[in-house]
Amino acid sequence: MSEDVRLVAWVRGGVQGVGFRWFTRAKALEIGGLSGFALNLGDGRVQVVAEGPRVGCQGLLDWLQGDDTPGRVDGVTEIWDTPRGGYDGFAIR
């Protein structure tokens, strides 16, 4: 049984203006069972919040840290937490 978790990730690099949020949403939908959002921050990072089964959140994190993302990822900082709920699907903000 997979517990539900909350993943908050901040992605650094050339990740704005390259469709990063769109591809992140598409990947979350492909994994399935995840809700949350991807948001451009004023400092050039993208914040990704995902809630759902731990295996799904870990899969999204692995993708964020991998070579398949659009743009250029220089690093990802993440924290794991308890789900808060309140998301309707996976949104681009």
Side-chain angles (χ1 to χ4, degrees):
M1 181 177 144
S2 180
E3 63 173 321
D4 280 358
V5 297
R6 174 184 177 91
L7 165 69
V8 183
W10 293 271
V11 186
R12 301 181 306 282
V15 291
Q16 290 190 9
V18 294
F20 195 90
R21 293 175 300 158
W22 188 91
F23 278 99
T24 299
R25 178 179 183 270
K27 188 64 177 180
L29 294 176
E30 176 188 317
I31 290 169
L34 299 180
S35 60
F37 63 88
L39 168 73
N40 280 344
L41 298 176
D43 62 6
R45 295 177 301 165
V46 171
Q47 180 185 25
V48 178
V49 174
E51 291 188 358
R54 179 176 288 278
V55 65
C57 289
Q58 184 63 56
L60 184 61
L61 178 62
D62 291 345
W63 179 80
L64 290 171
Q65 295 171 328
D67 296 329
D68 254 358
T69 60
R72 184 193 77 250
V73 173
D74 293 337
V76 180
T77 302
E78 87 269 4
I79 60 169
W80 295 89
D81 203 352
T82 305
R84 299 179 190 167
Y87 300 114
D88 184 21
F90 202 96
I92 294 172
R93 292 188 177 171

Peer 1: Keeping R45 on the side-chain end and G13 on the backbone end, is there a donor-acceptor pair under 3.5 Å?
Peer 2: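 No, because the side chain of R45 does not come within donor-acceptor range (under 3.5 Å) of the backbone of G13.
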
Peer 1: Test of understanding: with side-chain hydrogen bond (donor to acceptor under 3.5 Å, both in side chains), list the residues that count as partners of T77, not counting sequence neighbours.
Peer 2: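 Expected list: R12.
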
Peer 1: Short question: side chain of E3, backbone of G52 - any donor-acceptor pair under 3.5 Å?
Peer 2: no

Peer 1: Show the atom names and distances, to 0.1 Å, of all donor-acceptor pairs under 3.5 Å that link a side chain in residues 24-33 to residues at least two apart or in another chain.
Peer 2:
unit_1	atom_1	unit_2	atom_2	d
T24	OG1	F20	O	2.8
R25	NE	F90	O	2.7
K27	NZ	E30	OE2	3.1

Peer 1: Of all residues at least two apart in sequence or in a different chain, which pass the side-chain hydrogen bond (donor to acceptor under 3.5 Å, both in side chains) check with D67?
Peer 2: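 side-chain hydrogen bond (donor to acceptor under 3.5 Å, both in side chains) list for D67, sorted by chain: empty.
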
Peer 1: In the single-linkage hydrophobic clustering (I, L, V, M, F, W, Y; side-chain heavy atoms under 4.5 Å), do V49 and L61 co-cluster?
Peer 2: no

Peer 1: How would you list, by chain and number, every residue that makes a side chain to side chain contact (heavy atoms under 4.5 Å, CB included) with D81, sequence neighbours excluded?
Peer 2: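 R6, R84.
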
Peer 1: Which residues pass the ring-ring contact (aromatic ring centres under 6.0 Å, His included) test with F37, not counting sequence neighbours?
Peer 2: Y87

Peer 1: Is there side-chain contact between V48 and L64, with heavy atoms separated by less than 4.5 Å?
Peer 2: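 A side-chain contact exists here, since the closest heavy-atom pair is under 4.5 Å.
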
Peer 1: Using the rule that Ile, Leu, Val, Met, Phe, Trp and Tyr join whenever any side-chain heavy atoms are under 4.5 Å apart, tell me whether W80 and V76 fall into a single cluster.
Peer 2: yes

Peer 1: To the nearest 0.5 Å, what is the distance between CZ on F23 and OG1 on T69?
Peer 2: 10.0 Å

Peer 1: Out of curiosity, Q47 CD to N40 CG, how far, rounded to the nearest 0.5 Å?
Peer 2: 11.0 Å

Peer 1: Apply side-chain hydrogen bond (donor to acceptor under 3.5 Å, both in side chains) to D68 and list each qualifying residue two or more places apart in sequence or on a separate chain.
Peer 2: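 Partners of D68 under the side-chain hydrogen bond (donor to acceptor under 3.5 Å, both in side chains) test: none.
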
Peer 1: Would you mind reporting whether Q16 and V46 have side-chain heavy atoms less than 4.5 Å apart?
Peer 2: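 Answer yes - side chains close enough.
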
Peer 1: Measure the shortest side-chain to side-chain distance between R72 and V15 over non-hydrogen atoms and say whether it is less than 4.5 angstrom.
Peer 2: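 Side chain of R72 against side chain of V15, heavy atoms only: no contact under 4.5 Å found.
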
Peer 1: W63 and I79: same hydrophobic cluster, using ILVMFWY side-chain contacts below 4.5 Å?
Peer 2: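 No, it is not one cluster - the side chains of W63 and I79 are not joined through contacts under 4.5 Å.
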
Peer 1: Is there a path of hydrophobic side-chain contacts, each under 4.5 Å between heavy atoms of I/L/V/M/F/W/Y residues, joining V73 to I92?
Peer 2: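 Yes, same cluster.
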
Peer 1: I need the E51 CD to L34 CG distance, nearest 0.5 Å.
Peer 2: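 Taking CD in E51 and CG in L34, the distance rounds to 10.0 Å.
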
Peer 1: Is any side-chain heavy atom of S35 closer than 4.5 Å to one of D88?
Peer 2: no

